[in-house]
Amino acid sequence: MDKELAGEATASRTGTLTKQIEGAYQRIGVTGAHRQIVFMILLGVFFDALEQNAVGITGPVLRQAWGLGATEIGLLNTMTFTATALGRLATGLIVDKYGRRQMLVINLIIFAGGSLLCAVAPNYPVLAAGRFVVGFGLGGEIAVAVIMMAEFFAAKHRGTAVGLINVTAAGLGNMLAPAFGILVFTLFDGPDKWRWVFGLLFIPAILVMFFRRFVPETPRFLASKGRIDEANLVITRLARGKLSGPITDPEQFITAGPDPVIGQSSGHWKDALRGKLLKRTVLLCIAVCMSYAAQISMLTLMPTILVSRGYTVNTSLWFTLIMQSGSLLGAATAAYLASRLPRKKVLTAAAILGCAAGLSMAFLANDIVLVVIFGALFNFAVIILNTTIWLFAPELYPTRTRGFGTSIILAAGSLSGGLFPLISGAIFDASGLGGMFTTLAVLFGILAITVQFPPETFGKPLEEDADAGDEEAAIYGH
């Protein structure tokens with residue numbers, strides 16, 4: 001009976017905390033402080049996207065300069081995305097225990113250092129090592145960005161806020177990456193011109209680090225650790241649009257606290273791997289693996305495929321840029337739909353569209369015009385999927401395990417993005433464009449089925465300290 005009473009008290013406390021944070025966010029709406037935080041996070045995400053595209057941009061030049069084959073180019077991509085997965089897992093564990101804010105800067109430092117190592121690499125092994133370092137920082141950066149954007153906003157604005165990450169990364173970043181490559185290769189010539197692609201990406205990252213020191217810790221994390229006064233201070237800063245400077249009279253938006261045992265525990269990352277949360281983790285991992293496999297195969301291989309058809313490097317990058325316009329439109333569409341339609345409906349519709357675009361690329365793209373049109377449609381669909389998965393993932397977990405749960409899902413996508421282009425490249429060598437895009441179309445079909453099973457989270461507040469839904473009873477003794 002004592003356990004039951006304790007369980008009821010904890011559930012009541014948790015429900016009150018959830019309602020108070022959500023209520024505070026709804027009352028203050030979106031302020032100038034929110035917009036500053038969004039800008040500082042998205043600025044780093046944009047350069048992350050350029051870095052993510054660096055192998056695709058430099059691949060044709062590296063083949064000419066160092067005599068690398070398609071397998072060696074693919075291995076650079078694999079090194080990057082394997083490290084991205086590891087970076088996301090490590091970051092997920094750290095942010096749930098120590099907080100989100102510091103890792104936002106640390107990961108950017110790691111990624112910038114890797115870029116510099118790639119720029120000065122004397123040989124292929126050092127370049128591969130540099131890509132591994134880049135990937136580790138890149139993975140943690142995106143994971144923290146997704147989590148922080150989700151935790152700074154009320155349910156009404158959360159989807160759009162998280163969606164802006166992919167508008168910036170998969171949209172603007174992926175679309176402008178080929179233009180960045182064209183600009184660099186126009187300004188710098190010679191066999192080592194690829195080094196400037198990596199070297200120039202080091203500089204903006206340093207500037208972003210300066211601005212990010214003004215980003216506060218998220219109130220949801222602070223409240224989950226029992227640091228209610230600090231949480232109220234941050235919410236007050238958000239409400240008053242004041243990220244820096246003294247606040248002598250913070251408002252008391254939150255009065256409830258988490259269960260003391262829960263707030264002090266450090267083992268709650270395991271919750272993402274048991275009970276119904278494990279089912280959610282597995283389902284979203286399958287879905288994101290399908291989506292990332294399709295997206296990164298397209299990003300990595302398309303410039304090389306076009307060069308193999310006789311187009312110059314710059315011409316191939318221009319065609320790739322046009323196709324990436326679909327990414328920008330897709331990310332913007334996903335951000336718009338995030339506050340208007342349920343997650344599962346958006347994912348299902350985009351998966352069906354992606355399957356149709358893949359089959360069109362496989363069987364109807366007989367000339368470059370159709371390749372570009374269907375390629376843009378393919379990118380449009382896949383970025384809607386990725387963006388929606390990014391905002392869906394953190395909504396499935398309570399605050400204390402949100403970092404690790406979300407990071408597992410994003411890490412699975414990174415591993416898929418790192419490994420599947422090798423498979424896609426082999427299929428392209430054996431069966432051409434038709435075989436490769438038929439395979440990618442099948443991935444969309446699997447995704448459409450998988451996303452039917454997780455619970456819908458549209459319009460619901462984020463869970464705080466209780467495990468999601470029915471798991472509360474199991475955890476607290478019911």
Side-chain angles (χ1 to χ4, degrees), residues 30 38 41-42 45-46 48-49 52-53 142-143 145-177 283-284 286-296 298-299 323-358 375-396 406 409-410 413-414 416-417 440 443-444 447-448 450-452 454 456-460 462:
V30 178
V38 169
I41 291 177
L42 295 185
V45 167
F46 174 75
D48 291 349
Q52 181 175 284
N53 282 272
I142 296 293
V146 169
I147 295 162
M148 291 189 79
M149 293 286 263
E151 291 187 348
F152 270 121
F153 290 87
K156 179 180 179 181
H157 306 291
R158 186 173 64 238
T160 300
V162 177
L164 287 175
I165 296 176
N166 240 10
V167 172
T168 305
L172 285 173
N174 285 349
M175 188 181 77
L176 294 180
L283 289 170
L284 262 291
I286 294 172
V288 80
C289 282
M290 300 301 101
S291 182
Y292 266 60
Q295 180 197 11
I296 306 304
M298 181 78 163
L299 281 177
M323 283 186 262
Q324 286 299 340
S325 65
S327 297
L328 177 59
L329 185 58
T333 300
Y336 175 80
L337 295 177
S339 60
R340 291 165 175 81
L341 289 177
R343 314 301 185 220
K344 292 161 70 170
K345 287 185 178 180
V346 174
L347 289 169
T348 302
I352 293 171
L353 179 61
C355 184
L377 187 61
F378 183 96
N379 285 329
F380 174 77
V382 79
I383 298 305
I384 289 179
L385 290 171
N386 279 354
T387 304
T388 306
I389 289 173
W390 281 17
L391 64 93
F392 195 14
E395 295 176 339
L396 293 172
T406 302
I409 293 169
L410 298 184
S414 298
S416 177
L440 299 184
L443 300 183
F444 288 123
L447 191 155
T450 304
V451 297
Q452 305 309 311
E456 183 57 67
T457 59
F458 175 68
K460 298 179 181 178
L462 292 179

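- Considering every non-hydrogen atom in both Ala49 and Ala169, the closest pair reads CB-O, 3.3 Å.
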Worked check of side-chain contact (heavy atoms from CB on, under 4.5 Å) between Phe153 and Val162: CA-CA 9 Å; Phe153 290 87; Val162 177; over 6 Å; no
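- Note that CE of Met298 is 10.0 Å distant from CD1 of Ile383, once rounded to the nearest 0.5 Å.
- Listed by chain and number, the residues in a side chain to side chain donor-acceptor pair (under 3.5 Å) with Asn166 are Thr387 (sequence neighbours excluded).
- Sorted by first and then second residue, the salt bridge (Lys or Arg N to Asp or Glu O under 4.0 Å) pairs with a member in residues 334-357 read Arg343-Glu395; sequence neighbours excluded.
- Rounding to the nearest 0.5 Å gives a distance of 11.5 Å between CG of Leu385 and OH of Tyr292.
- No donor-acceptor pair closer than 3.5 Å links the side chain of Thr388 to the backbone N or O of Leu347.
- A distance of 5.0 Å separates OG1 in Thr406 from CD1 in Ile147, rounded to the nearest 0.5 Å.
- When all heavy atoms are compared, the tightest approach of Ala335 to Val167 is CB-CG2, 4.0 Å.
- The shortest non-hydrogen separation linking Ile41 to Ala145 is CG2-CB, 3.6 Å.
- Taking both residues in full, the closest heavy atoms of Gly417 and Ile296 are given as O-CG2, 3.2 Å, listed atom of the first, atom of the second, then distance.
- Here the closest non-hydrogen pair linking Leu462 and Ala150 is CD1-O, 3.5 Å.
- Heavy atoms only, all atoms of each residue included: Ala448 and Ala351 are closest at CB-CB, 3.7 Å.
- Residues meeting the side-chain contact (heavy atoms from CB on, under 4.5 Å) test with Met290, sequence neighbours left out: Leu443, Ile446, Leu447.
- Listed by chain and number, the residues in a side chain to side chain donor-acceptor pair (under 3.5 Å) with Ser291 are Asn386 (sequence neighbours excluded).
- Among residues two or more places apart in sequence or in another chain, the side-chain contact (heavy atoms from CB on, under 4.5 Å) test is passed with Leu42 by Val38, Met149, Leu164, Ile165, Thr168.
- The side chain to side chain donor-acceptor pair (under 3.5 Å) test applied to Ser327 returns Gln324, not counting sequence neighbours.
- Aromatic ring pairs are classed by plane angle as parallel below 30°, tilted from 30° to 60° and perpendicular above 60°; the pair Phe378 and Phe444 is perpendicular.
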Trace of the ring pair (Phe, Tyr, Trp, His ring centres under 6.0 Å) decision for Phe392 with Phe458: CA-CA 8 Å; Phe392 195 14; Phe458 175 68; over 10 Å; no
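- Annotation: the span from Ile409 atom CD1 to Leu284 atom CG amounts to 4.0 Å, rounded to 0.5 Å.
- In this structure, the side chains of Val346 and Ile384 come closer than 4.5 Å at one or more pairs of heavy atoms.
- Taking CG of Leu391 as the start and OG1 of Thr457 as the end, the distance is 7.5 Å to the nearest 0.5 Å.
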